[in-house]
Amino acid sequence: MAWQPRDPPTWSAPGRQVTQATGRPWVIENVPEAPLRADYLLCGTQFGLNIRRHRAFETSWGGGGDLVPPC
């Protein structure tokens with residue numbers, strides 16, 4: 001059996017700090033349960049894929065509006 005950490009590291013907060021420091025637009029992508037603000041929630045079915053898998057996106061501009069129809 002492969003070793004698995006009890007509490008996997010969370011890189012959202014350090015990644016957010018680094019990207020905010022650049023002053024440029026940024027996007028962080030992760031699963032919906034991740035500790036981030038889900039400005040956009042996208043699913044594979046929204047892009048014609050035969051997979052229902054959601055991904056959350058936090059953006060420097062705070063989201064707003066639908067990118068594609070819901071899944």
Side-chain angles (χ1 to χ4, degrees):
M1 180 180 352
W3 176 83
Q4 293 183 357
R6 291 177 191 254
D7 295 317
T10 300
W11 298 105
S12 298
R16 185 181 301 108
Q17 291 174 345
V18 169
T19 54
Q20 285 175 335
T22 68
R24 301 183 72 171
W26 51 265
V27 175
I28 299 173
E29 176 261 343
N30 213 319
V31 296
E33 298 82 24
L36 56 82
R37 186 182 69 237
D39 297 326
Y40 296 101
L41 183 64
L42 301 178
C43 178
T45 60
Q46 294 172 283
F47 302 96
L49 301 174
N50 191 22
I51 186 165
R52 189 173 172 93
R53 182 171 294 161
H54 296 96
R55 304 301 284 180
F57 295 83
E58 180 178 329
T59 66
S60 58
W61 59 90
D66 292 329
L67 298 178
V68 292
C71 68

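In this text, all values refer to a predicted model and were calculated from it rather than measured experimentally.
- Considering all non-hydrogen atoms of both residues, Ala38 and Ala56 come closest at CB-CB, 4.0 Å.
- Looking at every heavy atom in both residues, Gln46 comes nearest to Leu41 through OE1-O, 3.9 Å.
- Leu42 has its side chain out of reach of Glu29: every pair of non-hydrogen atoms, C-beta onward, lies at least 4.5 Å apart.
- Residues Phe47 and Tyr40 share a hydrophobic cluster, clusters being chains of Ile/Leu/Val/Met/Phe/Trp/Tyr side chains in contact below 4.5 Å.
- Around CZ of Arg37, the count of heavy atoms belonging to other residues, nucleotides or ligands within 6.0 Å exceeds 12.
- Using a 4.5 Å cut-off between side-chain heavy atoms of Ile, Leu, Val, Met, Phe, Trp and Tyr, with links allowed through other members, Trp61 and Ile28 fall into different hydrophobic clusters.
- Taking NE2 of His54 as the reference point, atom CD of Glu33 lies at 10.5 Å (rounded to 0.5 Å).
- Two residues are said to be in side-chain contact when any heavy atoms from C-beta on lie closer than 4.5 Å; Cys43 and Arg52 meet this criterion.
- Side-chain contact between Val31 and Arg55: present, with at least one pair of heavy atoms (C-beta onward) separated by less than 4.5 Å.
- When side chains are defined from C-beta on, Val18 does not count as touching Trp26, because their heavy atoms never get closer than 4.5 Å.
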